[in-house]
Amino acid sequence: MNVGIIGAGYVGLVSGACFAELGHRVVCVDNDETKIKALKKLKVPIYEPGLTALVKKNVRRGRLTFTARILDAVKKAEVIFIAIGTPPKDNGEADLTGIESVARTIAKGMRSYRLIVEKSTVPVDTGRWVKHTVSINKRKGVTFDVASNPEFLREGQAINDFLHPDRIVIGVESARAQALLRKLYQGIDAPILATDIKSAELIKHASNSFLAIKISFINAVARVCELAGADVAQVARGVGQDRRVGPGFLEAGIGFGGFCLPKDLDAFVMIARKLGYDFDLLKEVKRINEAQKALFVKKIEDQLWNIKDKTICIWGLAFKPHTDDMRFAPSLDIIQALQAHGARIKAFDPEATAKAKRVLRNVTFCRDPYEAAAGSECVVILTQWPQFKELDFKRVKKLLRQPLVIDGRNMFTPSGMKRLGLRYVSIGRASA
Ligand code: UGA
């Protein structure tokens with residue numbers, strides 16, 4: 001099939017490369033000409049494991065092309081995905097002006113039937129507005145459908161999530177649209193849930209909000225564990241083994257970040273409020289998430305007494321491992337709070353340093369974790385990069401001024417760290 005993807009960001013680029021991998025001919029569009037030029041030279045602007053290889057392979061096969069002109073995609077592709085960003089406005093609502101403008105451009109360029117699919121995370125009712133916008137801008141006699149096909153991929157494992165999803169949700173209002181989307185996803189072995197458009201839009205917000213609820217819940221349980229002398233990792237395992245709960249998203253830590261969960265949570269609260277429901281549960285989820293970062297800073301303070309003029313080594317800056325994404329990373333708030341207390345920061349991240357340099361000031365960025373530890377008071381872990389597990393902690397201990405590791409991601413066991421002669425403070429577990 002011929003597929004057009006408008007927006008070559010995380011979702012657009014991964015979807016484009018994966019649809020090409022499934023055998024379709026895909027045109028990816030982005031209005032950022034520099035990005036398109038780079039992509040044409042096979043330079044992928046984001047760090048996502050496996051993506052560069054998949055892009056290269058499918059460009060060489062002639063199945064994936066890039067352009068800065070929406071009309072190039074509208075001309076060729078029967079199915080056109082809108083996968084552009086919907087950044088939050090000051091009040092937490094998603095900014096949908098980009099979606100409107102893309103819908104208008106598609107409408108003006110259509111010469112025959114097109115299926116226009118929302119893939120960006122958008123508030124319920126956006127489908128109806130897209131349909132309205134296309135209707136008033138299209139040529140007479142040209143028919144079209146609108147559908148919603150929310151994306152559930154996670155950064156860091158996006159390709160696997162796309163090609164092996166738990167489910168594919170398609171919100172459709174015609175048999176033709178449903179048949180086209182089913183055909184498009186034919187190569188993927190996953191149940192397809194066909195719903196109406198509004199329900200599909202809501203599934204995305206409800207899914208991300210539910211994941212956020214799970215994380216804040218386990219972080220609140222972690223606080224009780226600390227007070228009771230229990231171990232949150234063991235509690236999470238016991239709770240998660242109940243299939244009704246499930247084991248995922250029960251890792252206590254410094255709270256959720258990234259460009260999706262925090263933004264979608266705010267947006268869902270706003271959507272509900274606009275519709276007349278005050279979603280207090282989600283507001284509390286957000287409050288717990290914010291408190292988690294402040295609590296972690298207090299933990300560091302409790303260990304170091306005075307933070308002023310002390311050097312703190314940070315391992316991990318990205319909002320989670322296997323990505324270089326710094327958007328809404330908990331590390332930003334934590335580092336800024338430590339700096340406000342007068343701390344000096346030495347930091348190491350295997351992938352996110354370049355992006356971190358753009359948003360963090362007065363941080364000494366190091367080339368490896370040992371360099372960051374050298375002469376620092378303690379190590380603070382903010383992202384659970386697997387390579388941190390392989391480090392020589394005897395060497396780390398020698399490099400530090402105090403044998404102290406404060407772990408915001410519960411990467412290690414307290415007993416293991418104690419055996420190495422390190423004081424170890426983590427989340428929801430007794431310190432060692
Ligand atoms: C999230 C959803 O998981 C995807 O399904 C969705 O498609 C995506 O948003 C989106 O809307 O585009 P992502 O933002 O890539 O994916 O990251 P997650 O893996 O969900 O992690 C979010 C945050 O929660 C990270 O900061 C992570 O460290 C934190 N987290 C996650 C925890 O603190 N504990 C956990 O148990 C799991």
Side-chain angles (χ1 to χ4, degrees), residues 7 9-15 46-49 51 83-88 94 118-123 149-162 164-169 201 203-222 232-233 235-237 239-240 245-268 285-286 288-290 292-293 296 316-334 352 381-386 407-411 426-428:
Y10 238 107
V11 169
L13 209 48
V14 172
S15 308
I46 45 176
Y47 171 77
E48 177 65 37
L51 183 58
I84 64 165
T86 51
E118 315 165 333
K119 208 154 194 45
S120 309
T121 301
V122 289
N149 172 221
E151 186 46 63
F152 302 103
L153 57 83
R154 283 163 292 180
E155 289 182 21
Q157 50 203 87
I159 291 164
N160 187 62
D161 282 351
F162 190 96
H164 307 281
D166 289 345
R167 80 301 201 190
I168 294 163
V169 174
E201 291 167 337
I203 286 170
K204 174 69 189 197
H205 276 104
S207 294
N208 273 2
S209 297
F210 192 77
L211 294 173
I213 290 175
K214 280 188 96 174
I215 299 169
S216 277
F217 175 76
I218 203 66
N219 281 334
V221 171
V232 71
V235 173
R237 203 169 308 131
V239 174
V245 179
F249 281 70
L250 286 178
E251 279 172 32
I254 48 176
F256 54 81
F259 199 55
C260 302
L261 258 48
K263 167 177 83 88
D264 289 358
L265 194 69
D266 284 347
F268 202 20
V285 165
K286 181 176 171 153
I288 293 171
N289 199 51
E290 292 307 313
Q292 207 60 14
K293 292 176 265 189
F296 189 67
L317 296 165
F319 83 97
K320 65 173 186 177
H322 310 293
T323 176
D324 62 351
D325 200 339
M326 286 297 298
R327 291 175 299 175
F328 298 94
S331 66
L332 296 173
D333 289 338
I334 291 169
I381 301 176
L382 298 184
T383 315
Q384 66 277 39
W385 284 96
D407 181 0
R409 300 292 190 171
N410 287 357
M411 287 194 79
S426 55
I427 309 282

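Order of listing sets the numbers, starting from 1, for every ligand and every atom in it. Bear in mind that the values here come from a model prediction, so they are computed numbers and not experimental data.
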Which bit of [X] gets closer than 4.0 Å to ligand 1, counting heavy atoms only: side chain, backbone, both or neither?
X: Asp264; value: side chain
X: Lys263; value: neither
X: Leu211; value: side chain
X: Asn208; value: side chain

Salt-bridge contact Glu290-Lys293 (side-chain N to carboxylate O under 4.0 Å)
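Result for this pair is yes, salt bridge flagged.
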
Could you tell me whether Arg327 and Glu155 make a salt bridge, using a distance below 4.0 angstrom between a side-chain N and a carboxylate O?
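Judged by the 4.0 Å cut-off on N to carboxylate O distance, Arg327 and Glu155 do form a salt bridge.
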
4.0 Å heavy-atom contact, [X] with ligand 1:
X: Arg409; value: yes
X: Gly258; value: no
X: Lys214; value: no
X: Gly257; value: yes

Determine whether the side chains of Thr323 and Arg154 contain a donor N or O and an acceptor N or O closer than 3.5 Å.
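No donor-acceptor contact under 3.5 Å links the two side chains.
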
Evaluate [X] for polar contact with ligand 1, using N/O atom pairs at a separation under 3.5 Å.
X: Leu261; answer: no
X: Lys320; answer: yes
X: Leu250; answer: yes

Of all the non-hydrogen atoms in the protein, which one sits nearest to atom 33 (O) of ligand 1, and at what distance?
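Checking every protein heavy atom, the shortest distance to atom 33 (O) of ligand 1 gives Ile215 CG2, 3.6 Å.
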
